[in-house]
Amino acid sequence: MATKTKAKTKKSTPKTTATAARKPAAKTTRKPVAAKSARKSTRVSAKTPSSQPATHNSRDRYIPQKIEPKWQKKWAADRLYRAEVDPSRPKFYALTMLPYPSGELHIGHWYAMTPSDARARFMRMQGFNVMFPMGFDAFGLPAENAAIQRGIHPKKWTYANIERMRQQLRSMGAMFDWEREAVSADPEYYRWTQWFFAQLFKHGLAYKKMSPVDWCPKDNTTLAREQVWGEDRRCERCGTPVIKKNLAQWFFKITDYAEELLDFDGTDWPERVRLLQTNWVGRSEGAEVTFHSEHEDPITVFTTRPDTLWGATFMVLAPEHPLVLKLTSPDRKAEVETYVAEATRQSDIQREAADREKSGVFIGAYAINPVNGARIPIWTADYVLMTYGTGAIMGVPAHDERDFAFARKFSLPIPVVIAPPGWDGHPLKEAYHGEGVMVNSGAFDGTPTSEAVAKVTKWLEERGLGKGKVTYRLRDWLISRQRYWGAPIPIVYCPTHGAVPVPDDQLPVLLPDDVEWKPTGESPLKLHPTWSKTTCPICGEPATRETDTMDTFMCSSWYQYRYLSPDYDKGPWDPKEYSYWMPVDCYTGGIEHATMHLIYTRFFTKALRDMRIVRDDEPMMQLRNQGIILGEDSDKMSKSKGNVVAPDDLVKHYGADAVRAYLMFFSQWDQGGPWNSKGIEGVVRWLNRVWKLIVEKPPKRANVETSERSNVADLRRKVHQTVRRVTRDFENFEFNTIVAALMELLNALAKMKETSVVNTPAWDEAVDAYVRMMAPITPHVAEELWAKMGKPYSIHQQPWPKHDEAAAAEDMITLVLQVNGKVRDRLQVPADIAEAEAKDKALASETVRRYLSGKTPKQVVYVAGRLVNVVV
RNA sequence: GGGGAAGUGGCGAAAUGGCAGACGCACAGGCCUUAGGAGCCUGGGGAGGCAACUCCGUGAGGGUUCGAAUCCCUCCUUCCCCA
């Protein structure tokens, strides 16, 4: 799958588009200056000290604080990063996850966004028409908490934060197309969030039901299953342990898409995310089997191992199971009721813990095992959950750990029905769930595990005892939130017509501004005196509004579409924009959203497709995740630990380009790692040296002793090898080695600047390619150097350099000579040396002969261009 | 308990079957300088040796291979997800 998409990306990089990308640049060129040599262009720039500050020192120094705001202003004024529909050019929709406007852009945002920006810039230089939008996921709890704590209105707090963060985002020098900015809390945005809700409702994909849901007592709201984290089930936002509440809540039927969500065909997503989502969906194949009580009450169970049915020696009903009270015999009633009352007070997680001492009570009733007519006792026990499967299980102690522990505790029989290989017929010491052969199972005896499930399922179906069934762990998405700062759910409750969606022409259902916050835990919308009073859209009689708002993940499930046309008011997006830009070609962001946002947005696109609103099966074709950037102490950054790195301070001190370059340099992007305040000085040094390489005059004396011809070839080889390497690494998101390769090339160029090669066209070619390659990573200094070289504005509209395979080829190589796999000698040989000659040279080597000590080689291994290994 | 990822100098890392440690940080020595917290040059995996050189070395152990940081098996440690 991954290779398929990769190949596609490569193929769709047509040479012709590189020329197309150059066109606008040519238009804006005032005076195309063909710099004949670096020396010459240096002189030109020396005469025009345009951007340079007046210092006592007349030297032209790299001062990022001067050049960065200057270029940012010019780029914005020129709408340099404006992305417009242009069917004559191949499009590339690059998207990075939009931030929540918390009020402070942290280094994690920089780490997510600036490499994404560099990649988008690279694609632009590759000839694509690139759209790289930005916006704000502006609804959510922190705004409301600020309102309660500090008395600031959530809207005021949010929009002030957005204003501040816009400025911070601009300091990155990213190629965001700000004309496409979307803010999810704008009425023009949430009008469509509500419209989508209504569409889902009309298509039966949104429904309300009473159910035990997770409730965060601190944030006073329900949470989706995905927003409850960890073993002890804490709120994803505030870390408070959640409790169960029985409430009428709105859900989206994401479970309708369980099967399709497992299919990633055609997308290039990391294996890790696919695995997380696959496990989250939790498909399990098995069979539903119906047992009956002695009084003919059907009790259906789901099992992944119908082949173990003959080993069922008891049944367990969840304490909440409706049959528990019905089937309990009078003499057991008191005991069972006490147990049920106790069990329902426990949390699911306590109840399910595998290592916990099992508890349960016999309810005084029996069931008949449909496969062998065995009369087996029915128990109720808290390790069976009502919310899981059918709320009832068959107990097969020999082949299930928990059933085994239960049977041991209550002295129930443990008959083996799957014989492990080499089983001696003795009782098992622990539950066995490996491969084996069916035993004690009537006609099925001897059936190996590999065929058993299918055969038994077929047999059950033929006899009407059960049927094959696939179940999923995935639950429907709970989207009701009992809070104010979110998109109101556009539903009206009419005494006659029930839940009625607000008609499209009455959207948006606006949030009222005049609300009060009381720490009662009630939604302010519920406390508002008039807001919820309305009339029924169908009959016009008095009716009330739904006061719950939507989970903010609903807003972010479709934002990639709103960027297409954030001002469009005839629909959620302009179809012309849609048909050109969608789907998203490359999506970047944190992996922490694997089972939340990233699964919701896939569901959303699939649901829209089935409602014929979009044509795509998947919203984002390629996904890449960055790692987490840690504090200098290798701990997670947090204010309480005092290890937070503030990007604003870094920009002020080192400039945005250095921060960008360091974030890309210090580690593999998807790996993250600790910040190092000394490490960034290395890239600062790099940028200073690049500056000097290009701006400062070369030394007067040219080294006449070196042969110019070989120097030119060496220079071009290094340059073209670097272009090849950097291009490949950009394609693969390997940003750290890009910066390393550029540093390496600089080291080589700095040495060569001392030689006469500096007066050759090869030098100009080198410097030209160098600045182009820097441009995606350090856009400001690249633009400044480009201008100083007298090249036409803007570097960011230039094509990416192409490497010349012939120039990059080595003519001499180091041939490694090994004896028995150990390096013993090295020879400089022509790269195109023939195998026979290489072997001869190896055997002729004095060192090799010494290690052979007269023995005849058994084998001589030759690896072209690399080594000869002589084996004795 | 299940699944996944990772483990390489003092540190961040590079090398994905073929010269281990590219690039950078820190450190050491030198140059330049009135000065250096600037810049430039040089050196740094470990052990032995004046040296050429030798041996050892990618969490541990085993295996495959002419050849393994890289592939396979077992184990240890750390992190993530699920239970």
Side-chain angles (χ1 to χ4, degrees), chain A residues 57 59 61 225-226 228-231 233 270-282 348-356 383 385 388 401-402 405 430-431 433 473 590-592 594-595 625 627-630 632 634 636 661-668 670-686 688-689 692 696 699 722 725 729 734-748 750-751 754 813-827 847 850-851 857-872:
Chain A
N57 190 337
R59 270 179 58 200
R61 286 170 43 223
R225 172 69 190 85
E226 292 79 4
V228 179
W229 281 16
E231 219 172 302
R233 299 180 53 78
E271 189 54 42
R272 176 129 182 258
V273 175
R274 301 199 310 210
L275 196 72
L276 283 168
Q277 292 202 351
T278 302
N279 291 341
W280 189 260
V281 171
D348 288 1
I349 211 79
Q350 285 173 321
R351 288 171 49 172
E352 267 197 305
D355 51 354
R356 187 164 168 256
Y383 79 96
L385 304 179
Y388 228 85
E401 279 159 28
R402 286 174 304 178
E430 55 180 11
H433 30 71
R473 210 183 65 94
I591 198 161
E592 66 273 16
T595 57
N625 305 111
I628 297 170
I629 183 156
L630 303 169
E632 211 152 1
S634 295
K636 214 179 153 191
Y662 180 64
L663 289 173
M664 284 179 240
F665 173 68
F666 83 92
S667 170
Q668 264 179 29
D670 59 354
Q671 208 175 289
W675 178 260
N676 181 335
S677 55
K678 282 286 184 190
I680 191 172
E681 311 245 3
V683 293
V684 173
R685 249 169 245 155
W686 168 55
N688 272 307
R689 292 182 63 209
K692 284 202 277 184
E696 284 182 7
T722 305
R725 204 173 140 189
D729 291 351
E734 285 160 7
F735 303 112
N736 55 338
T737 47
I738 293 173
V739 181
L742 289 174
M743 286 174 170
E744 203 180 312
L745 178 56
L746 172 73
N747 292 343
K751 279 199 183 81
E754 311 278 320
I813 54 152
T814 305
L815 189 71
V816 172
L817 305 185
Q818 297 183 336
V819 177
N820 288 335
K822 290 195 183 218
V823 179
R824 295 305 181 189
D825 201 0
R826 297 178 176 86
L827 295 178
T847 323
R850 198 167 74 234
Y851 280 92
K858 266 189 271 180
Q859 193 189 348
V860 181
V861 180
Y862 174 67
V863 182
R866 289 191 186 275
L867 58 78
V868 177
N869 186 12
V870 183
V871 187
V872 286

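Letters A, B, ... are given to chains in the order of the sequence lines, protein chains preceding strands, and every chain is numbered from 1.
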Separation of B:rA38 C1' from A:K678 NZ (nearest whole Å): 13 Å
C1'-based separation of B:rC71 from B:rG24 [nearest Å]: 31 Å
A:A740 side-chain proximity, nearest of B:rC23, B:rC40, B:rG18: B:rC23
Touch class at under 4.0 angstrom, heavy-atom based, for A:T595 against every strand present: nothing
For atom CD of A:E592 and atom P of B:rC79, their distance in whole Å: 19 Å
Below 4.0 Å: OP1/OP2 of B:rA6 and any side-chain N or O of A:Q668: no
Spacing of the C1' atoms in B:rG63 and B:rG17 (rounded, Å): 16 Å
Whole-Å distance separating the CD atom of A:E744 from the C1' atom of B:rA22: 6 Å
Any-strand Watson-Crick or G-U partner of B:rA28, both distances under 3.5 Å: B:rU42
Candidate nucleotides B:rA14, B:rC82, B:rC40, ranked by approach to the side chain of A:R689 - the nearest: B:rC40
Backbone N/O of A:A594 and side chain of A:Q277: donor-acceptor pair under 3.5 Å: yes
Separation between the P atoms of B:rC41 and B:rC32, rounded to whole Å: 15 Å
A:L827, CG atom: more than 12 neighbouring heavy atoms under 6.0 Å: yes
Test of ring centre spacing under 6.0 Å for A:W675 and A:Y662: yes
A:Q671 versus A:S667, closest heavy-atom pair with distance: CB-OG, 3.9 Å
Sugar-phosphate, base or nothing in reach of A:N688, heavy atoms under 4.0 Å: nothing
Sugar-phosphate, base or nothing in reach of A:V823, heavy atoms under 4.0 Å: sugar-phosphate
Residue whose closest nucleotide on RNA chain B lies nearer the 5' end, A:V816 versus A:G679: A:V816
Atom pair distance, as rounded to whole Å: CD1 in A:I628 and P in B:rU78: 19 Å
Nearest-angstrom distance, C1' atom, B:rG57 to B:rG9: 11 Å
Touch class at under 4.0 angstrom, heavy-atom based, for A:E681 against every strand present: nothing
Any A:N869 side-chain nitrogen or oxygen under 4.0 Å from OP1 or OP2 of B:rG18: no
Inter-nucleotide P distance (B:rA6, B:rG21), Å rounded: 23 Å
Candidates B:rA22, B:rA13, B:rC66 - which lies nearest the side chain of A:S667: B:rA13
Spacing between A:I591 atom CD1 and B:rG3 atom P, to the nearest angstrom: 19 Å
Sugar-phosphate only, base, or nothing, as touched by A:L867 at under 4.0 Å among non-hydrogen atoms: base
Heavy-atom closest pair, residues A:Q668 and A:N736: N-ND2, 3.7 Å
N or O in side chain of A:K822 less than 4.0 angstrom from B:rA68 OP1/OP2: no
Sugar-phosphate only, base, or nothing, as touched by A:K858 at under 4.0 Å among non-hydrogen atoms: nothing
A:R272 side-chain N/O to B:rC82 phosphate OP1/OP2 under 4.0 Å: no
Base partner of B:rC79, which must satisfy Watson-Crick or wobble distances under 3.5 Å: B:rG4
Cation-aromatic face contact A:R824/A:Y851, 6.0 Å, 45 degrees: yes
Sugar-phosphate only, base, or nothing, as touched by A:E271 at under 4.0 Å among non-hydrogen atoms: nothing
Contact under 4.0 Å: A:Y851 side-chain N or O vs B:rC53 OP1/OP2: no
Side-chain N or O of A:N747 closer than 4.0 Å to phosphate OP1/OP2 of B:rG24: yes
B:rU64: pairing nucleotide in any strand, Watson-Crick or G-U under 3.5 angstrom: none
Distance in angstrom units between A:R850 CZ and B:rC53 P, rounded: 9 Å
B:rC23 - base-pair partner by Watson-Crick or wobble geometry, distances under 3.5 Å: B:rG12
Heavy-atom pair of closest approach, residues A:I629 and A:L663: CD1-CD2, 3.6 Å
Distance test, side-chain N/O of A:R685 to OP1/OP2 of B:rG39, below 4.0 Å: yes
B:rC53 OP1/OP2 closer than 4.0 Å to side-chain N/O of A:R824: no
First of A:T847 and A:Q859 reached from the 5' end of RNA chain B, by closest nucleotide: A:T847
Interatomic distance where CG belongs to A:L275 and C1' belongs to B:rA6 [whole Å]: 15 Å
Nearest-angstrom distance, P atom, B:rG2 to B:rC19: 38 Å
Whole-angstrom distance between B:rU58 and B:rA68, as gauged at atom P: 11 Å
Stepwise side-chain contact (heavy atoms from CB on, under 4.5 Å) test for A:L817 and A:R826: CA-CA 6 Å; A:L817 305 185; A:R826 297 178 176 86; over 6 Å; no
Conformer about C1'-N of B:rG9 - syn within 90° of 0, anti elsewhere: syn
B:rG61 glycosidic torsion: syn (within 90° of 0) vs anti: anti
Length of the line joining A:I738:CD1 and B:rA22:P, which is rounded to integer Å: 20 Å
Rounded P spacing from B:rA26 to B:rC81 in Å: 34 Å
The single option from A:V816, A:V860, A:V861, A:V819 passing side-chain contact (heavy atoms from CB on, under 4.5 Å) against A:V868: A:V860
Sugar-phosphate only, base, or nothing, as touched by A:W686 at under 4.0 Å among non-hydrogen atoms: nothing
Nucleotide nearest A:N736 (side chain, heavy atoms from C-beta), chosen from B:rC23, B:rA14, B:rC19: B:rA14
